[in-house]
Each structure stands twice: as structure tokens, then as C-alpha cells.
Amino acid sequence: MSIVITGATGHLGRLVIEGLLTAGVPAGEIAAVVRDKDRAADLAERGVELRVADYNAPETLRGVFAAGDRVLLISSSEVGRRVAQHGAVVDAAREAGVALLAYTSILGGPDADFDLAAEHKVTERLIAESGLPYTFLRNGWYHENYTEHLAPVLEHGTVIASAGEGRVASAARADYAAAAVAVLTGEGHEGKAYELSGDVAWSMAEYAAEVAAQSGKDISYTDVPAERHLAVLTGAGVPEPMAAILVDVDAAVGRGRLAGTTGDLARLIGRPTTPLADAVSTGLRG
């Protein structure tokens, strides 16, 4: 049996593998599913098994999984193509008879009412209908969605969003990775859906104040209408389909859809979630 991570060379995948190794899982019992072996050469050097496959080529997924494997399906980054891609992984996992299929879904699951959730909801249904033992890791927002893009905030002195006074219970990407490690190495998680979010929900105004305090600059929050926000994002080079998704997420934030603090994440990882202030500090150093 192996613990198999799909999308293993992405930010989250690498953190999960690092977490597994730190937890004492032998490298030889970890398999990384990758499209390009060269991008995973460092993992191979550490003894992690590489299995080459592509979400977009279902035939390459046959034989990637084995009976008894515990698999983490990290959701694809290709919005609009996820259902077919994830479905191919689910089919391959079912044919192999894996012991567990864990999936990085989205906070709220079937109750999430924003556009980015649509493909996650379909994927959850496909997994539930597959007959496989499964766990849904319904990840909330990452701190890094904001703190990895501080340059324009510092340049213009403002956080521009269309979220009103809505709050976001985000957590660090490493926190979500630690939750995946806990599920993949633990017992009793089959058939469960975890609503994962940070311990503290914050507003955009509070985020701007935190950046200001740590940077020593005058940073404010500018709340703009959705149409203006879309224009700002596309003007900054964000492709319009992705910009529209980001604006829609801000609307969901305004409705309180990403503010839930269930405590599931802290309970899974056995510690408080990483404070936003820590991520801001890292973002400013980067």
C-alpha cells in the first residue's frame, strides 16, 4: 500500500509530501503523481516514487493506483475542466480498488453558492457515487491568496475588493496540508466531510490594517462595486474568466459564505491554525 498524492508538484502537493515525511512515513511508501518527472526530480532523490499521469489523458491514469492505496486527489487548477479531469481520477481509483480517496473540495460543499464551488460539488457527487471509501476536505480560503500578492497593495496603498464588510476565515496553505496528512495517516475518516477554515475570521479592513502595521505604510481598504473590481483585475492583467470568479468570490465573502469557523481544521491538525499576521509577515519578506 502507498499513500498517493496527485498534483504532487503544486504548492499544496509538495507541502503534503513534506508533511508525510516529517510524520515518519517512509519515502518509499509515498507516491507522487506528476505530469513531468523533471519537475519532481527532487522528490525522487528523496526516495518518493514517481508515477507519471495527466488529468487530461485518462488512459495515463490506468495503473497509477493500486488496491489498498490511500489517495489524495488535489483539485485541478484548470477551472472549467475540473469535472472531466477529476472524473478520470475517480474512475481509475475505483478500477484499482483504492482503500481511501480523499478530495480537496471547497468550504460549504453542496451548500456553497458561488461559481468556484460548482465543479467541486459535481466532483463530490461523483466520488460519493463511486462506492469508494472517501473523505472530503472542504478547504476554505488560503491566507496566501492575499499575502502572496502584496506588491500592488504596497504600491498603491490600498486593498481593493468588493467584499463589503464580509469576513474570511482563512488559514495557511500549510494548515490545510497538515489536515490532509492527518487524514491520510489516521483512521476513522471514511465517509466524513470536514469543513476546514481558520480559527479567526477577518475583514478586508482588518487585513489592510495588518499590512499597514507590519509594513509601516499607509494602507487602506477600498470597497468598490463588482463591475469596478472586475475592471481593476482585468486591467492588471488577470484573464477575464478568472477575474469574474474572483469578483464572485468577493460577493460570497460579503454574504458570509467564507466566514465559518467550525474548528474542524484545528481539531484535525491538533493545534491552532496559523494567524493571518504570520502570513502577512511572510508575504512582506517575500
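Keep in mind the model is a prediction, meaning the values are calculated, not measured.
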* Do M204 and I160 belong to the same hydrophobic cluster, where Ile, Leu, Val, Met, Phe, Trp and Tyr are linked whenever their side-chain heavy atoms lie under 4.5 Å apart, directly or via other members? -> no

Less than 3.5 Å apart, which donor and acceptor atoms pair up between the side chains of residues 241-251 and the rest of the protein, not counting sequence neighbours?
unit_1	atom_1	unit_2	atom_2	d
D248	OD2	D115	N	2.7
D250	OD2	S162	N	2.8

* Asked: Passes side chain to side chain contact (heavy atoms under 4.5 Å, CB included), L154 versus S215? Steps please.
  -> CA-CA 8 Å; L154 297 173; S215 68; 3.9 Å; yes

* I5/R14 under side chain to side chain contact (heavy atoms under 4.5 Å, CB included): CA gap, chis, key distance, verdict -> CA-CA 9 Å; I5 312 301; R14 285 186 173 277; over 6 Å; no

* Non-neighbouring partners of D223 that pass side chain to side chain contact (heavy atoms under 4.5 Å, CB included), sequence neighbours left out -> Y221

Between [X] and [Y], do the side chains contain an N or O donor and an N or O acceptor separated by less than 3.5 Å?
{"X": "T6", "Y": "Y55", "result": "yes"}
{"X": "T274", "Y": "D175", "result": "yes"}
{"X": "H143", "Y": "S170", "result": "yes"}
{"X": "T261", "Y": "S197", "result": "no"}
{"X": "T273", "Y": "D199", "result": "yes"}
{"X": "H120", "Y": "Y103", "result": "yes"}
{"X": "E124", "Y": "S105", "result": "yes"}
{"X": "S203", "Y": "E165", "result": "no"}

Taking 4.0 angstrom as the limit, do [X] and [Y] come out as a salt bridge?
{"X": "E190", "Y": "K192", "value": "no"}
{"X": "E210", "Y": "K217", "value": "no"}
{"X": "R167", "Y": "E206", "value": "yes"}
{"X": "R70", "Y": "E29", "value": "no"}
{"X": "R255", "Y": "D113", "value": "yes"}

* Would you mind telling me which of L276, T147, V280 makes a side-chain contact (heavy atoms from CB on, under 4.5 Å) with V211? => V280

* **Distance in Å, D69 CG paired with L72 CG, rounded so as to fall on 0.5 Å steps** => 12.5 Å

* Asked: Hey, does the side chain of W202 reach the backbone of V168 with a donor-acceptor pair shorter than 3.5 angstrom?
  -> yes

* Do other residues, nucleotides or ligands put more than 12 heavy atoms under 6.0 Å from the CZ atom of R267? -> yes

